Amino acid sequence: MRALFDLPAAYRPSAEDRAAPVPPIEAVLCDFSNTLFRMIPTDEWLRRIADDTGRALDDPAAVLAALDAAAAEPEVIAAQEGRDLDADAHRRAMRAWFSRVAYLRGIEDAAQARVAAEDSWVPYPDTGPFLRTLADRGVPVGVVSDIGWDIRGHARAAGLEELVGTWVLSCEEGREKPAPELFRTACTRLGVDPRRTLMVGDNPRRDGGAAAAGLRVFVLAGEQRERERGLDDVLALLSPPRA
């Protein structure tokens, strides 16, 4: 069957698939940043940079304002394009931003290192329980993330790395979401059917690319959260636990 207004997709279900009931969800892929983990608050990040470099931090509020202003500059915005394709691209993007902030000028590399530091990212309170529940149910889990460095260390530090079956990172794959190939790669590595897999994230455009790969998508509210992300709601969408 072909409809006039079909959207482009990276897969074509068979006629049998189209006629059958929607299959149950038996595997889960998750975004990392602002879905499973969050970066420490920016003022804490600045304090750690000050400790690392010995540079006095007299007015954190002014530095925060300067960071926001620099982030809106056209040159800085342009520099962020493709920043998660590899570690060098991420480093260049951060330097382009931080070099426009007086406090960070001359210590851009130290600031960038603090972005990626193992202890600069922490799981949300519901991340651990969510991943452990999936493991207990025998649900395969993967992480698909646009990121400029290896984030497995953050999960390892939180004692959660072993709960993730595969990590598909833009900096290792050389492409960013919403490229459907990233989601298909995660499914292949987990040995799961994309049509029986749910992608969970907070960015409709990027994480929504999973729909073109045959997955279903659950989009969390885009608000910045420090507490739970509402991951318990995802559990209600899965197949009942196996007996």
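Just so it is clear, the values below take in all heavy atoms, side chains as well, and ignore hydrogens, waters and symmetry mates. On a predicted model such as this, the values are computed, not experimentally measured, just so you know.
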Start with the C-alpha gap between Val192 and Glu26, add the side-chain angles, then the distance that decides, and say whether side chain to side chain contact (heavy atoms under 4.5 Å, CB included) holds. CA-CA 8 Å; Val192 299; Glu26 298 175 348; over 6 Å; no

Asp84 side-chain N/O to Gly148 backbone N/O, donor-acceptor pair under 3.5 Å: yes

Just how far is it from atom CD1 of Ile49 to atom CZ of Arg114, taken to the nearest 0.5 Å? 8.0 Å

Counting N and O atoms only, with roles assigned by atom type, does the side chain of Trp97 sit under 3.5 Å from a partner on the main chain of Ala70, one being a donor and the other an acceptor? no

Begin from the C-alpha positions of Glu44 and Arg47 and carry the test salt bridge (charged side-chain N to carboxylate O under 4.0 Å, His left out) through to its verdict. CA-CA 5 Å; Glu44 176 60 24; Arg47 280 193 288 272; 3.1 Å; yes

If you define the side chain from C-beta out and look only at heavy atoms, does anything of Met94 sit under 4.5 Å from Arg83? yes

Rounded to the nearest 0.5 Å, what's the gap from CG on Leu29 to CZ on Arg216? Could you check? 12.5 Å

Do Leu235 and Leu134 touch side chain to side chain, with heavy atoms closer than 4.5 Å? yes

Give a yes or no on whether Leu220 and Leu237 share a hydrophobic cluster (residues Ile, Leu, Val, Met, Phe, Trp, Tyr; joining criterion: side-chain heavy atoms under 4.5 Å apart). yes

Salt-bridge present (Lys177, Asp31; N to O < 4.0 Å): yes

Is it the case that over 12 heavy atoms from other parts of the model lie below 6.0 angstrom from the CD atom of Glu81? no

Please check: side-chain N/O of Arg55 versus main-chain N/O of Tyr103, any donor-acceptor pairing under 3.5 Å? yes

Under the salt bridge (charged side-chain N to carboxylate O under 4.0 Å, His left out) criterion, do Asp150 and Arg152 qualify, and how do the steps go? CA-CA 6 Å; Asp150 185 356; Arg152 296 173 184 85; 2.9 Å; yes

With a 4.5 Å cut-off on side-chain heavy atoms, are Phe98 and Val115 touching? yes

Can you give me the closest heavy-atom contact between Pro140 and Gly138, atom names plus distance? CD-O, 3.4 Å

Counting only N and O atoms by type, is there a donor-acceptor contact under 3.5 Å from the side chain of Asp126 to the main-chain atoms of Glu228? no

SG-CZ distance between Cys30 and Arg229, expressed to the nearest 0.5 angstrom: 11.5 Å

List the steps and the verdict of side chain to side chain contact (heavy atoms under 4.5 Å, CB included) for Glu173 and Glu181. CA-CA 10 Å; Glu173 303 299 323; Glu181 294 85 354; over 6 Å; no

Find out whether Trp149 and Ile151 are in side-chain contact, i.e. whether some heavy atom of one side chain is under 4.5 Å from a heavy atom of the other. yes

As a quick check of understanding, evaluate side chain to side chain contact (heavy atoms under 4.5 Å, CB included) for Leu131 and Leu231, giving each step before the final call. CA-CA 9 Å; Leu131 293 177; Leu231 294 173; over 6 Å; no

Minimal non-hydrogen separation, Asp86 against Ala89, with atom names: OD1-N, 2.7 Å

Polar side-chain atom of Thr197 near backbone of Leu215 as donor-acceptor pair, under 3.5 Å: no

Sidechain-backbone polar pair: Gln80 side chain, Val76 backbone, donor-acceptor under 3.5 Å: yes

Closest approach of Thr127 to Thr35 (non-hydrogen atoms, all atoms of both residues): OG1-O, 4.3 Å

Sub-4.5 Å side-chain heavy-atom contact between Tyr124 and Asn34: yes

Under-4.0 Å salt bridge between Arg48 and Asp51: no

With clusters defined by side-chain heavy atoms of hydrophobic residues (ILVMFWY) lying less than 4.5 Å apart, directly or transitively, does Val122 cluster with Val143? no

Phe218 vs Ile25, test: side chain to side chain contact (heavy atoms under 4.5 Å, CB included). Steps then yes/no. CA-CA 12 Å; Phe218 185 89; Ile25 294 169; over 6 Å; no

Any side-chain heavy-atom pair from Leu104 and Leu67 closer than 4.5 angstrom? yes

Do Val219 and Met199 have side chains that approach each other closer than 4.5 Å (heavy atoms only, starting at C-beta)? no

Is it the case that one hydrophobic cluster holds both Val168 and Leu85, taking links as side-chain heavy atoms less than 4.5 Å apart, direct or via other members? no

Please identify which of these residues, His90, Arg95, Arg92, meets the side chain to side chain donor-acceptor pair (under 3.5 Å) condition with Gln112. His90

Quick check for you: to the nearest 0.5 Å, what is the distance between Leu163 atom CG and Thr133 atom OG1? 10.0 Å

What I'd like to find out is whether the side chain of Arg205 reaches to under 4.5 Å of the side chain of Pro178, using heavy atoms alone. yes

Do any N or O atoms from the side chain of Ser170 and from the backbone of Ile147 form a donor-acceptor pair under 3.5 angstrom? yes

Rounding to 0.5 Å, atoms CZ (Phe32) and NE2 (His154) come to a distance of 5.0 Å

If we ignore hydrogens and angles and just use 3.5 Å, is the side chain of Asp207 paired with the main-chain N or O of Asp202 as donor and acceptor? yes

Minimum heavy-atom distance Ala111-Trp45, with the two atoms named: O-NE1, 3.4 Å

If I compare all heavy atoms of Ala155 with all of Trp167, which pair ends up nearest, and what's the gap? CB-CH2, 3.5 Å

Determine the minimum heavy-atom distance between Pro194 and Ala213, stating which atoms define it. CB-O, 3.6 Å

Hey, what do you get for CD (Glu176) to CG (Leu169), rounding to the nearest 0.5 Å? 12.0 Å

